[in-house]
Amino acid sequence: MGSKINSINEVLENIGHLKFEDQAYVSEVLSKRMIEFKRSQIAKRATEAEQAYKKGKTKKGSLNDLLKDLND
């Protein structure tokens, strides 16, 4: 894990040498990438949930039913 932290620190240090505008651009690109990554994770999870529903691996019920299942 130490080498990973060193790599991250090196990247941050290199970014720190850029002009402010370039740093802002890097920040914007990273932000958009994170948003896209989260979006793809949500889509993946939605597909998995839909497949589970189609295969009958899901349950229906009230909140009380859910709590009962969790406590059993």
Side-chain angles (χ1 to χ4, degrees):
M1 183 155 160
S3 65
K4 188 175 187 178
I5 291 173
N6 288 338
S7 296
I8 292 170
N9 285 335
E10 286 177 24
V11 169
L12 293 174
E13 187 175 321
N14 288 330
I15 291 171
H17 290 82
L18 298 173
K19 291 187 252 176
F20 175 79
E21 294 82 13
D22 293 336
Q23 289 185 38
Y25 177 71
V26 169
S27 175
E28 184 179 335
V29 169
L30 288 174
S31 178
K32 287 181 180 181
R33 285 185 180 185
M34 293 303 299
I35 290 168
E36 187 57 37
F37 176 77
K38 289 176 186 177
R39 185 178 290 136
S40 70
Q41 294 293 23
I42 291 168
K44 179 182 174 186
R45 180 62 188 113
T47 300
E48 291 171 355
E50 187 176 28
Q51 290 173 352
Y53 177 77
K54 287 179 181 177
K55 291 179 181 178
K57 295 183 177 182
T58 59
K59 295 182 180 182
K60 292 191 242 182
S62 66
L63 176 60
N64 288 333
D65 295 332
L66 173 64
L67 292 174
K68 183 180 176 195
D69 275 353
L70 292 174
N71 290 325
D72 287 343

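These numbers come from the heavy atoms of this one structure, side chains and all, not from hydrogens, waters or symmetry mates.
- In terms of heavy atoms, Leu18 sits closest to Gln23 at O-NE2, 2.9 Å.
- When hydrophobic residues (I, L, V, M, F, W, Y) are linked wherever their side-chain heavy atoms come within less than 4.5 Å, the members clustered with Tyr25 are Val29.
- Remark: the backbone N or O of Ser27 is not paired with any side-chain donor or acceptor of Ser31 at under 3.5 angstrom.
- Apart from Phe20 itself, the hydrophobic cluster it occupies contains nothing, where clustering links Ile, Leu, Val, Met, Phe, Trp and Tyr at side-chain heavy-atom distances under 4.5 Å.
- In this view, Ser62 and Asp65 satisfy the side chain to side chain donor-acceptor pair (under 3.5 Å) rule, not counting sequence neighbours.
- In this structure, Ile35 and Arg39 have side chains that are in contact, with non-hydrogen atoms separated by less than 4.5 Å.
- Other residues sharing the hydrophobic cluster of Leu66, ordered by chain and number and joined by side-chain separations under 4.5 Å: Leu63, Leu67, Leu70.
- Take Lys32 and apply the side chain to side chain donor-acceptor pair (under 3.5 Å) test, not counting sequence neighbours, and it matches Glu28.
- Residues Asn64 and Lys68 have side chains not in contact (no heavy-atom distance under 4.5 Å, counting atoms from C-beta outward).
- Other residues sharing the hydrophobic cluster of Phe37, ordered by chain and number and joined by side-chain separations under 4.5 Å: none, the residue standing alone.
- Separating the CG atom in Asn14 from the CG atom in Asn9 is a distance of 11.0 Å, to the nearest 0.5 Å.
- At a threshold of 4.5 Å between non-hydrogen side-chain atoms, the residues Gln41 and Lys44 count as touching.
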